[in-house]
Amino acid sequence: MKRASNPASGGRNKGKTKEADTSHCNSGLVVATHGRHLVVENDDGARLICHPRGKKSQAVVGDRVLWQPTQESSDEGVIVAIEERRNLLYRQDEWRSKSFAANLDQLLMWIAVEPVFSESQLTRALIAAESAGIPVTIVLNKIDLPGAPTARERLAPYRAMGYKVVELSLIQETEAARAQVGPLLDGKATLVLGPSGAGKSTLINTLLPNARAEVREISLALNSGKHTTTSSLWYWLDGTRTSAVIDSPGFQEFGMHHIAPTELARWMPDIAKNMNDCRFHNCTHRQEPGCAVQAALERGEVSPIRLSLYTALYDELSQPRW
Ligand SMILES: Nc1nc2c(ncn2[C@@H]2O[C@H](COP(=O)(O)OP(=O)(O)OP(=O)(O)O)[C@@H](O)[C@H]2O)c(=O)[nH]1
Ligand SMILES: [Mg+2]
Ligand SMILES: [Zn+2]
């Protein structure tokens, strides 16, 4: 990185030529990104627009950054450095990676009775969270709709493999929903992640009536092919700024190209639980003899859908990439 260009930073750290001079920097938290611009919140709570140093912004919502005022305007800043991340949740599609947020305490995997959730996308997001070391709670929203029993049944394997599953209706049982979700969020930075139209922004508005997160009829949102929420956004839930929720844009695809096929089983708790008993230590749980995962499938302890998702993902991630 180049030395800081702001004259206020001159004089100190003269020996350091390669690294940025961060001695006169302010520290802050990235609370939003808009194209190349970032919104950074200072430790006193004030927010300002910051620009990245290079052509592309590397910082994501949840990043702690060091910034300096720009030369042109004192109410805008330039990012000098991004502090080391505890974790980063992102998806890796074939051609590009898309970061959701960094430095998370947990993920609320937000799905709904409608639009009917894709188990493949759910599984992918769970694998991404597990591999990033981020604890997950699954929330099933819109249980006021008639498809609730089917959705509940589809989530049974996820409960069985140890995920906490919360069911609620933000619209019909708003108070109850608030009481169910509120305690989960206490003192934590929580990313709300899930498909478009599941009600993530509705949750933000339920918790923070002044937030006015944009919410749209699912039919309108899905027919336009656009997501209502287009970038991650950080919201504090309390005046002392200890609990936060991050709204995120819905996803339709969840690329996993950052995960090696041989690592997959490790991040799928139902498969991981059984794989130590396979005859071969490098068993891929597809057709090898003495496979304990296949045996668990036959005993009904691993769901056929999960094993077929695993196999399909294994094949997908084993494709050569150019
Ligand atoms: N029936 C029912 N509808 C709900 C419930 N919660 C939210 N909705 C509706 O679902 C629609 C989509 O909600 P949003 O909050 O915009 O969904 P989102 O997950 O933020 O979508 P994206 O921003 O596109 O990712 C809105 O019309 C909400 O009113 C619920 O509990 N029951
Ligand atoms: Mg939204
Ligand atoms: Zn096996």
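Any value given below was found using the heavy atoms of this structure, including those in side chains, with hydrogens, waters and symmetry copies removed. All ligand and atom numbering here is 1-based and tracks the order in the structure. All residue numbers in this chain count up from 1 along the given sequence.
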Query - Test item: Trp110 side-chain N/O and Ile138 main-chain N/O as donor-acceptor pair under 3.5 Å - result: no

Query raised in the report: Side chain, backbone, both or neither: which part of Asn141 has a heavy atom under 4.0 Å from ligand 1?
Result: side chain

Report summary line: Quick look: Pro195 vs ligand 1, heavy-atom contacts under 4.0 Å, and the answer is backbone

Query - ILVMFWY network linking Phe100 to Val136, side-chain heavy atoms under 4.5 angstrom - result: yes

Query raised in the report: What residues, two or more places apart in sequence or in another chain, satisfy side-chain hydrogen bond (donor to acceptor under 3.5 Å, both in side chains) together with Arg36?
Result: none

Query raised in the report: Under a heavy-atom criterion of less than 4.0 Å, does Gly194 contact ligand 1?
Result: no

Query raised in the report: Which atoms from ligand 1 have a heavy atom of Gly197 less than 4.0 Å away?
Result: 10 (O), 12 (C), 17 (O), 18 (P), 19 (O), 21 (O), 22 (P), 24 (O)

Query raised in the report: Can you tell me if CD on Glu173 sees more than 12 non-hydrogen neighbours from other groups inside 6.0 Å?
Result: no

Query raised in the report: Has Ser196 got an N/O/S atom less than 2.8 Å from the Mg ion (ligand 2)?
Result: no

Query raised in the report: Out of Ile204, Thr174, Leu170, who gets a non-hydrogen atom closest to atom 31 (O) of ligand 1?
Result: Leu170

Query - ligand 1 to Leu145 polar contact by distance, N or O atoms, under 3.5 Å - result: no

Requested in this report: Give yes if a backbone or side-chain nitrogen or oxygen of Pro249 is under 3.5 Å from a nitrogen or oxygen of ligand 1, and no if not.
Outcome: no

Requested in this report: Answer yes or no: does an N/O atom from Thr202 fall short of 3.5 Å to an N/O atom of ligand 1?
Outcome: yes

Query raised in the report: Counting N and O atoms only, with roles assigned by atom type, does the side chain of Gln294 sit under 3.5 Å from a partner on the main chain of His285, one being a donor and the other an acceptor?
Result: yes

**Report entry** Pairs satisfying ring pair (Phe, Tyr, Trp, His ring centres under 6.0 Å), at least one member in residues 53-94, at least two apart
**Finding:** Tyr90-His258

Report task. For ligand 1, indicate whether the residue Asp144 contacts it via side chain, backbone, both or neither (heavy-atom separation under 4.0 Å). Result -> side chain

Report task. Check whether any side-chain N or O of Lys142 sits under 3.5 Å from a backbone N or O of Glu114 as a donor-acceptor pair, and report yes or no. Result -> yes

Report task. Scan Asn26, Asn42, Leu38, Thr70 and name whichever one has a side chain to side chain contact (heavy atoms under 4.5 Å, CB included) with Leu48. Result -> Asn42

Query raised in the report: Just heavy atoms, cut-off under 4.0 Å: does Asp247 contact ligand 1 by side chain, backbone, both, or neither?
Result: neither

Query raised in the report: Can Val31 be reached from Leu193 by stepping across I, L, V, M, F, W or Y side chains whose heavy atoms are under 4.5 Å apart?
Result: yes

Query raised in the report: Does CD1 belonging to Ile305 count more than 12 external heavy atoms closer than 6.0 Å?
Result: no

Query - Which of the ligand 1 atoms, numbered from 1, are nearer than 4.0 Å to a heavy atom of Gly250 - result: 25 (O)

Query - Pairs meeting criterion ring pair (Phe, Tyr, Trp, His ring centres under 6.0 Å) with involvement of residues 115-165, two or more places apart - result: none

**Report entry** Nearest-option assignment for atom 18 (P) of ligand 1, heavy atoms, candidates Lys200, Gln172, Gln252
**Finding:** Lys200

Requested in this report: Look at the rings of Phe251 and Phe254 and say which category their plane angle falls in: under 30° parallel, 30 to 60° tilted, over 60° perpendicular.
Outcome: perpendicular

Query - Tally, protein N/O/S atoms nearer to the Zn ion (ligand 3) than 2.8 Å - result: 4

